Amino acid sequence: MSAQHTPRRPNPWARPRRRAAVAATAMSAVLALTACGGGTDAPVGEPEAPAEPVDLRMTVWTADEAQLELFQSIADDYVAQNPELVSGVTFETIPFEDYTTALTTQLAGGNAPDLAWIFESNAPEFVSSGALVDLRPLLESTEGYALDDMVPSALGLWEDGDGLYAYPFSNSPFAMFVNTGQIAAAGQPDPAELVASGEWTFDAARDIAAATAEDSGKQGLVVRDFEYQAWENLATVWSGWGAAPWSADGTQCTFTEPEMVDAMTWIHDAAFKDGAMPGPGTTADFFAGDAAMTVTQISRASSLDGSFDWDVVPLPEGPAGRQNVVGQGAVGVFAAGEHPDVAADFLAHFTNPENAEQLSAYFPPPRASLLDAEGLADANPNLSAEQLQAVVVDGVEDAVTKPAHKNFAKLSGTVRAELDALWTADADVEAVLADTCSAIAPLLEE
């Protein structure tokens, strides 16, 4: 693809970078207390009119004025249609890096919001705690809601048994951005042509990245936001090997399984032997022209300013084929909130087909009917319909998310600490992964 000479614009599908530190023990304790103090997984139904119209509060991590304006417009429409239920809806912005800590602090203080956005990594903890209400009966009974329009794979993290405890409003696929100018200058194959010929693999990407880095003097392949700390972002790589850090039920460590050993060996060697990935302490921003390729969410496309030729292609295939990986955010209703029935009714309005279409301008939707490349291209001028089809429309289907667990807050820091030993040239990959399993086994059993 030729250079994308489009002006820089606000990032439509982005979410800011997350700090690694999370109040792990506090979060677990808070959610347990929330469940004991009135949280329930009982379903909500159609709300009865309260004695007086109520105010609803919803926490979000966006501060984007256009997004907040859209939210308020949808909310104002709901208020106009339901004056006997609500007098207003307030959207409270909490900075992304502080979001989960601030949210759990509110819960601990008995100041639960009515609705809240939730990260995918914390989904099992929120869902299993009883802190969220079951939305499925209400959404199924809401006329015109079309719950069966949801892509099944998008709902998995937010379900427990027959219950559905949050609506995954944002499903942003990970993809590979490539600097086609650097790659061509190094005499390397065009990744888009390799995609077309069925030869776009992680090994091919590694070889192209190493050769291009040697030619340009810059970096090759960057897994954005990993930086040898946010290990969960490596799911965009190891998924191609069919690997996972723990079993599907979250009870068994699988870092020592052959697929994960092979995947982590590939990552280690790409950085320390092949020269394909930057090593620890090296910062390289693809969007500033510092690297040949980067794995990141499709939302980052708006960071491109036309200063170099670029393209975006799906994640490469690994030994297990190509696995689509998405980052998710969902909105749920807290049972400990003052008005869970009214809040759930507002959520049904906020995410109905018409309003979901409006939200899709900023957040890749979970509704199959809205996964239309031409329509999405209208709201995302930096991306062509062909790119959106390959990366977003096809990427949401049958996708997996980054690691999630009901004890993720504790697991995240423990895994990061154990993997530190992996990021040296002479590391024993199998031994490090075995130590990692030993360290997290008790946490998986909690």
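No experiment lies behind these values; they were computed from the predicted model shown.
- Applying the side-chain hydrogen bond (donor to acceptor under 3.5 Å, both in side chains) criterion to Asn171, with sequence neighbours excluded, gives Gln328.
- The ring-ring contact (aromatic ring centres under 6.0 Å, His included) test applied to Trp266 returns Phe202, Trp241, not counting sequence neighbours.
- Taking the side chain as every heavy atom from C-beta outward, Gln323 and Val400 approach each other to under 4.5 Å.
- Asp249 and Ser247 are linked by a side-chain donor-acceptor pair at a separation below 3.5 angstrom, with hydrogens and angles left out of the test.
- You'll find the side chain of Phe350 stays beyond 4.5 Å of the side chain of Val89, heavy atoms only.
- Qualifying side-chain hydrogen bond (donor to acceptor under 3.5 Å, both in side chains) partners for Trp238, counting only residues two or more places apart in sequence or in other chains: none.
- In terms of the side-chain contact (heavy atoms from CB on, under 4.5 Å) criterion, residue partners of Pro95 (sequence neighbours excluded) are, by chain and number, Glu97, Asp98.
- Side-chain N/O atoms of Thr401 and Glu120 include no donor and acceptor closer than 3.5 Å.
- Using a 4.5 Å cut-off on side-chain heavy atoms (C-beta onward), Phe308 and Phe286 make contact.
- Residue pairs that meet the ring-ring contact (aromatic ring centres under 6.0 Å, His included) test with at least one member in residues 73-94, sequence neighbours left out, are Phe71-Phe91, Tyr78-Phe346, Tyr78-His349.
- Checked against ring-ring contact (aromatic ring centres under 6.0 Å, His included), Phe177 has the following partners two or more places apart in sequence or in another chain: Phe287.
- Contact annotation: the side chain of Val86 never approaches that of Pro53 to less than 4.5 Å [non-hydrogen atoms, C-beta and beyond].
- Under the side-chain hydrogen bond (donor to acceptor under 3.5 Å, both in side chains) criterion, Glu84 pairs with no residue at all, not counting sequence neighbours.
- The CD atom of Glu418 sits 7.5 Å away from atom OG1 of Thr414, with the distance rounded to the nearest 0.5 Å.
- Residues meeting the side-chain hydrogen bond (donor to acceptor under 3.5 Å, both in side chains) test with Tyr145, sequence neighbours left out: Thr351.
- At most 12 heavy atoms of other shown residues, nucleotides or ligands fall within 6.0 angstrom of atom CD in Gln252.
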**OP:** Decide yes or no on ring-ring contact (aromatic ring centres under 6.0 Å, His included) for Phe119 and Phe96, but give the supporting numbers first.
**Re:** CA-CA 10 Å; Phe119 296 126; Phe96 188 93; 4.9 Å; yes
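- Screening Phe363, Tyr167, Phe334 for a ring pair (Phe, Tyr, Trp, His ring centres under 6.0 Å) involving Trp117 leaves a single residue, Phe363.
- Other residues, nucleotides and ligands place no more than 12 heavy atoms under 6.0 Å from the CD atom of Glu69.
- Contact annotation: the side chain of Arg224 never approaches that of Asn233 to less than 4.5 Å [non-hydrogen atoms, C-beta and beyond].
- Judged as a side-chain hydrogen bond (donor to acceptor under 3.5 Å, both in side chains), the pairs with a partner in residues 85-96 (not counting sequence neighbours) are, in order, Asp55-Ser87, Arg57-Glu92, Glu92-Gln106.
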Subject >> Step-by-step side chain to side chain contact (heavy atoms under 4.5 Å, CB included) determination, Asp394 to Asn324 >> reply: CA-CA 8 Å; Asp394 296 341; Asn324 300 323; 5.6 Å; no
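- Residues meeting the salt bridge (charged side-chain N to carboxylate O under 4.0 Å, His left out) test with Asp149, sequence neighbours left out: Arg367.
- With sequence neighbours excluded, the residues forming a salt bridge (charged side-chain N to carboxylate O under 4.0 Å, His left out) with Glu159 are Arg136, listed by chain and number.
- For Phe272, the ring-ring contact (aromatic ring centres under 6.0 Å, His included) partners two or more places apart in sequence, or in a different chain, are His268.
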